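Notes follow the structure.
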There are 4 protein chains.
Amino acid sequence: MRKPLTKPRKEAAQERSRATVDALIAATARILVREGFDKASTNRIAAVAGVSVGSLYQYFPSKEALVAAVIERHQQDTLRIVRAELAQAANQPIERGVRTLVAMAVKAHRIDPKLHRVLAEQIPRVGKLEKVETFSRENYALFKAYLESHRQEIRAVDLELAAFVCVTSIEALTHTAVLHQEIASGEETEALIDEVTRLVVRYLTG
Amino acid sequence: MRKPLTKPRKEAAQERSRATVDALIAATARILVREGFDKASTNRIAAVAGVSVGSLYQYFPSKEALVAAVIERHQQDTLRIVRAELAQAANQPIERGVRTLVAMAVKAHRIDPKLHRVLAEQIPRVGKLEKVETFSRENYALFKAYLESHRQEIRAVDLELAAFVCVTSIEALTHTAVLHQEIASGEETEALIDEVTRLVVRYLTG
Amino acid sequence: MRKPLTKPRKEAAQERSRATVDALIAATARILVREGFDKASTNRIAAVAGVSVGSLYQYFPSKEALVAAVIERHQQDTLRIVRAELAQAANQPIERGVRTLVAMAVKAHRIDPKLHRVLAEQIPRVGKLEKVETFSRENYALFKAYLESHRQEIRAVDLELAAFVCVTSIEALTHTAVLHQEIASGEETEALIDEVTRLVVRYLTG
Amino acid sequence: MRKPLTKPRKEAAQERSRATVDALIAATARILVREGFDKASTNRIAAVAGVSVGSLYQYFPSKEALVAAVIERHQQDTLRIVRAELAQAANQPIERGVRTLVAMAVKAHRIDPKLHRVLAEQIPRVGKLEKVETFSRENYALFKAYLESHRQEIRAVDLELAAFVCVTSIEALTHTAVLHQEIASGEETEALIDEVTRLVVRYLTG
DNA sequence: AATGAATGAGACTTCATTCAT
DNA sequence: CATGAATGAAGTCTCATTCAT
């Protein structure tokens, strides 16, 4: 790619583009959350983002691409939390480590629960959006790695299978609890974390 | 806005009617499984069922009603299994009983896994189709009742919370395992049942 | 039930839009006249207007709105004539004034007799399109005002009732005469105006 | 599209047939009045009449034929009144005779005002239902005959034109008054008859 | 690049009419 | 004759996407 003739101008242009893209993703997320997938027409998204449909198609080749970007962004937000907490857990003993991971899962689900829900419930039908799939595999791999490095603390077990059991349970429990507002108060949250931690730890040990 | 009707329009009395209704529900399920919700247009469904759109609307007031009928039918199929096995579990000690229930969950998920998946992933957006919701609540209540009648075998615990943890875990694990074909062989199935049973039993006891 | 929208969706700002809107209204009127209300499907209207159905719905939220626009336009055309002639009549003595008004009614009915007929005969069923109703009430009020300001020239009478009798008669006579081509020539027209004027004047006076 | 047949398929000779035909016509009229033309589907009519659609088509070759039958019946009812009163008027002097005719018109319009309205407002679009047209021509001819036999009582005048003016006025005034409930009480009715009579008599005489 | 008017395939649904039983 | 299930053309309207300005 060639160098710009007037640097400031290009940057300004790039900045504006960036802003438009952001506005479009934000508008999509907002409509998805407030009105559901069916109301998220491209014209409506563009209107809410304050740009024209034409501009939308300037930056996203299709509606799917837009939804994919929303998913992507949500996953990036989630990853930021995961990375921060994962390092801690790595060096903690099993009991403490699992608790950290469960707490992290709750935290991650709380980033934008309504968006998470829409993404979980309404989006798969968009076809080959396998980002979600990929993302969960990554989770699974990370957890398996954690188990491997703590193998001496757990009973003899098929790590593959154990990781599947733990990750699926943690994900389902935190997901359901957060989405169905089962854990409104901090107290309830603590209780849930206690239970899930117990579930997983007792499963892995003894 | 017109209120969405989800009840069948008329009870098919004659034999020919009954056949038409069955063909429509079957066609809907088939398209749902093979091509997804978005491809399930009323014209397509009618064509696959081998009848005219007009006949479709003679028996179902809307596309939603058709999907509701598919859900209903799937749940009836599931219930048939659940009822049969539940009686057994009731009188079994915790370890044995939980295993029975887990095995039952696997069996239930295997009735028509692909349909189950579509129903689970793509249908919520159909709005007020709360059948699924209701169904899962029922599961939860049944399990809680089981725990109550075996309270002396388990540790002191908030039964409400425990039921939530167990049901959610069993459901998620069997669902995911079946859908993602993690348990193709009978051996793998047994291994999964062992693990899930252990997960739940150790959580509830000790 | 969805409430019927009869207002234009957006004000056509750009020139191209304006042309599209005009073409749509014109096409609707044309089809209404040549083929009747039942043939005026949205697809047909769009085709005749030389635009796509999509464009039709960009500017009119429903078929009704389109018909409403046709009515509106026709009434505006009519009003232009009415306003011009009414001022004259106001200061003319009863005999001369009534003649002016009758002549005006004939003229108004001749703007687009066939359209007028379709609008009069086929449109009421379009439900709450009360524009016609409103319009005729206005006529009636205007005539009553005319009578009031000429009260000394007419016999003692219930003005309300008299206005009803006169307006209804004039409207029906000019309408029928024009539509059924009873007054093709100028001579016949003059004869009709004479008769109607006589009818009304003798009714009001003496 | 097939050509619309508007005559009954057969002379319903048998009593049961007669009853079915009557029920169908009555059901059509009822739905027309209560719900409007658009709701009057053949299936609905058959249902309300308590027979099957198949039977409907046994007796009426099309929906149009059914509506035509309703019109026919209404006109027969009207004619019964007209014939009864017309004889009287024939031998009455102009003032008295016109009053009789006007009163008759009011009476005729009151047979079933709502049905009359629907027939007047919603039916013309059914295309070639010229019964109404024919009917009004007959009215016009009858009145012209009346004028001819009383020619010595009225001013020198084009009878053709005079009949047109009188019939159109009487029809429009009684029609509008009855339909728009301007003459609820007997007193109001008398007042209207007075006015219309005056209108016509003074027009014809002097 | 931005704009927004225009496009048109296709979705859902109704209803007059036919025909097998 | 009666029944009512079946038909399918046709109508209204939406929305992802394109393209002239």
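Proteins come first, then strands; the chains are lettered A, B, ... in the order of their sequence lines, and each starts at number 1. What you are looking at is a predicted structure, and each value in this text was computed from that prediction instead of being measured.
Annotation: side chain to side chain donor-acceptor pair (under 3.5 Å) contacts of D:S52 (sequence neighbours excluded): D:S55. Checked against side chain to side chain donor-acceptor pair (under 3.5 Å), C:H116 has the following partners two or more places apart in sequence or in another chain: C:H74, C:H109, C:H175. Not a single salt bridge (Lys or Arg N to Asp or Glu O under 4.0 Å) links B:D112 to another residue, sequence neighbours left out. D:E35 meets the side chain to side chain donor-acceptor pair (under 3.5 Å) test with D:R44; sequence neighbours excluded. Residues meeting the side-chain contact (heavy atoms from CB on, under 4.5 Å) test with C:A46, sequence neighbours left out: C:V51, C:L56. For the salt bridge (Lys or Arg N to Asp or Glu O under 4.0 Å) test, no residue two or more places apart in sequence or in another chain qualifies with C:R34. By the salt bridge (Lys or Arg N to Asp or Glu O under 4.0 Å) test, A:R18 is found to be paired with A:D22, residues two or more places apart in sequence or in another chain being considered.
Between C:T20 and E:dA6 there is a side-chain N or O to OP1 or OP2 distance below 4.0 Å. Within the 4.0 Å cut-off from OP1 or OP2 of E:dA2, not a single side-chain nitrogen or oxygen of A:S52 is found.
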Identify each atom pair where a protein N or O and an N or O of nucleotides 10-12 of chain F are less than 3.5 Å apart, giving names and distance.
from	atom 1	to	atom 2	distance (Å)
F:dT12	OP1	C:K63	NZ	3.1
F:dT12	OP2	C:T42	N	2.8
F:dT12	OP2	C:T42	OG1	3.1

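B:I45 places its CD1 atom 12 Å from the C1' atom of E:dA11, with the value rounded to the nearest Å.
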Under 3.5 Å for both distances, Watson-Crick or G-U wobble, that's the pair rule; now give the dot-bracket for DNA chain F, with | marking pairs to another strand and [ ] for crossing ones. .||||||||||||||||||||

